[in-house]
Structure formats: C-alpha cells, structure tokens
Novice: 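Below: one structure in structure tokens.
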Amino acid sequence: MNPWVYLTAAAVLWGSGFAQSLTFGLYGRLSDRFTPTLEATLPLGNFDLGARLQRDALGLGLFGATEFSALGRLTYGVRAGLGFAGWGVEGRVGGTVGPVAAGLEALYSTTLRSHLWVGDEAEGGLRLDLWGRYRLGPRETLGLGLGFKRDLAGFSSGTGELSYALRQQQTYTFGLGVDDSRLYALLGWRGELDEAGTLLEATLRAGQLWRLEATLTAPLDEGLSNLKLRLTAAYPWAATLELEAYGFRADASYDGGFSLWLRYTLSFGGDE
C-alpha cells in the first residue's frame, strides 16, 4: 500500500480534532519488505475506538469500561481485522468485584493473526482464555487460568495453570501448569529495586515447557515518564525484547525469523 495513504489518513484524523492519539510505525521481517502502520485512538463517549491501517489489512476495535464505585470495575472490548489473507474477530470482557477478578477472551481468525495485526501471534483458528484471581487476604491471592486452542488445521490443545501469590515487601508467586500435556512449575517475583521506584517483575515457567518473562519499569523524570524494558524468552527458541520511552517503542523478536517493529505515539490529551 502506498505510504501516502497513511499520511493522508493521519492528516484527516489530526485535522478533524477527534484523534486522542496517533501512532506511526514501521514493521518488517528479515526476509520480507517493511510494512508502514498507522494506529489511531478516538474517544466516543464512554468508549474508545481504535483503528490500525497496515499494508495488507485494516483493523478496528471498540473498548470501554464501567466503574461501580468501590464495588468493582468492568472492562470490555471487541476487535476485528480484514485483509487480503482473511479476517478475524476478538472479544474480551473482564472485571473485579470485591476479592474476585476474572476475565474471558475469545478469538477466531481464518488466517494467521499476524497477517491481520502485525506483531500478533503467528497462529490462527479459535482460541479461548479464561482467568481468575481470588484474594484470600490482604497478602495472599489464588490464581487460575484455563485455555483452549483449535488451529487452522483442526488440531486442538488446552492449557491450565494454578498459582499462589504472597505479598510481603516483595511479591512471590508459586504455581503449577500444563500446556498441551507439557507440565511445568511457575516461579515469580515482583518488587522495587531502589528508592527511585524502579520496579522489576519476573516470571519463570520451567519443566517440559520453558518460558521467561521479565519487565523492568524505571522513572525517567518528574513528569511521570517511564522507561519500560520487557524481555520474553522461550524454548523451543523464541524471544522478544521491547523498549519504550517518551512515546517511542521498539519491538525486536525471533520466532524462527527476525522481525523489528518501530513506533512513535503522538498523544493529544483527551481521556488519557
């Protein structure tokens, strides 16, 4: 798609005065050409409309939230994508009520979702994810996650994970899980590293499945700007490194091939 299409779309959204944010991006894999991307967020009353334009697909999403004062909060959203390779739809709902937090996500696509939303998983078909947390007390939380997948070839698999978190000065998480008959143990840690408020959160899944996820958040200035660094590494070999600061974001990934996604976000206030 001609890059002038992205510039024209950005000018229309900016000039209309409705855009809450615009994100300009460039995505590419080592063996493929680069794909310009344009993302916009528009406030519509109690909802946020999101749109993404890329080389071979257009995606739209509608998201909202309802507050129940001190009782809890409900979030919900739907996203759809249409491209030359096929189409996909995603719906999610989640919330908190008292000591209970839960969420449900359902996705279906006729092609790999990475063809519809660059940077997404290179998998298609049906996926269902259900998760929940229950606070046993001020310092203890039980967690449960369940998942189901049916890929484009018709093969099915399931996941399940049970965890226990203990909050002291730091938070420690322990658990057990299964992913398509592969058993693993879960270990997690979350806490501040210094007086400036640098926060580290790390989760390791080890056993017949190996996966490390770590997020470092460090304050950059008094204007509430943060440096965010995220690392995900798994075996069979796959890895993602994300760096975010001052509106810039860079995602470098390896999943059998290398990819890079560079983005810059302009925010115009609004509800953010």
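Count residues from 1 along the sequence. Keep in mind that this is a model prediction, so the values were computed, not measured.
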Novice: Does a side-chain N-to-carboxylate-O contact under 4.0 Å join Arg135 and Glu140?
Specialist: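 Glu140 and Arg135: not salt-bridged.
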
Novice: With a cut-off of 3.5 Å and sequence neighbours excluded, list every side-chain donor-acceptor pair involving residues 184-191.
Specialist:
from	atom 1	to	atom 2	distance (Å)
Tyr184	OH	Glu161	OE1	2.5

Novice: Rounded to the nearest 0.5 Å, how far does CG of Leu262 lie from CG of Leu260?
Specialist: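 So the CG of Leu260 and the CG of Leu262 are separated by 4.0 Å.
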
Novice: Given Glu105 and Glu90, is the side-chain contact (heavy atoms from CB on, under 4.5 Å) satisfied, shown in steps?
Specialist: CA-CA 7 Å; Glu105 181 178 284; Glu90 169 187 344; 3.8 Å; yes

Novice: Could you give the distance from CG (Leu116) to CG (Asp56), rounded to the nearest 0.5 Å?
Specialist: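 If we round to the nearest 0.5 Å, Leu116:CG and Asp56:CG are 10.0 Å apart.
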
Novice: Is the backbone N or O of Thr23 less than 3.5 Å from a side-chain atom of Glu39, with the two atoms forming a donor-acceptor pair by type?
Specialist: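 Flag not set: sc Glu39 to bb Thr23 has no pair under 3.5 Å.
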
Novice: Tell me yes or no: between the side chains of Ser21 and Thr41, is some donor less than 3.5 Å from an acceptor?
Specialist: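 Judged by distance alone, the side chains do pair up.
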
Novice: Could you please spell out the steps behind the ring-ring contact (aromatic ring centres under 6.0 Å, His included) verdict for Phe248 and Tyr264?
Specialist: CA-CA 5 Å; Phe248 289 95; Tyr264 179 68; 4.5 Å; yes

Novice: When you check the gap from the basic side-chain N to the acidic O, do Glu121 and Arg127 get nearer than 4.0 Å?
Specialist: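 Counted as a salt bridge, because a side-chain N and a carboxylate O are separated by less than 4.0 Å.
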
Novice: For the pair Thr75 (side chain) and Gly94 (backbone), establish whether a donor and an acceptor sit closer than 3.5 Å, ignoring hydrogens and angles.
Specialist: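 Indeed, once roles are kept as given, a pair shorter than 3.5 Å links the two residues.
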
Novice: Going by an N to O cut-off under 4.0 Å, is there a salt bridge joining Lys149 and Asp179?
Specialist: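 No.
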
Novice: Restricting to side chain to side chain donor-acceptor pair (under 3.5 Å), what partner residues turn up for Thr240, sequence neighbours left out?
Specialist: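 Counting only residues at least two positions away or on another chain, Thr240 forms a side chain to side chain donor-acceptor pair (under 3.5 Å) with Ser253.
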
Novice: Any donor-acceptor pair under 3.5 Å linking the side chain of Asp151 with the backbone of Ala153?
Specialist: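 Yes.
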
Novice: State which residue, out of Leu229, Asp251, Leu231, fulfils the side chain to side chain contact (heavy atoms under 4.5 Å, CB included) condition with Glu242.
Specialist: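 Single pass found, and it is Asp251.
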
Novice: Is it the case that Tyr254 and Ser259 place a side-chain donor and acceptor less than 3.5 Å from each other?
Specialist: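 No, no side-chain donor-acceptor contact under 3.5 Å.
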
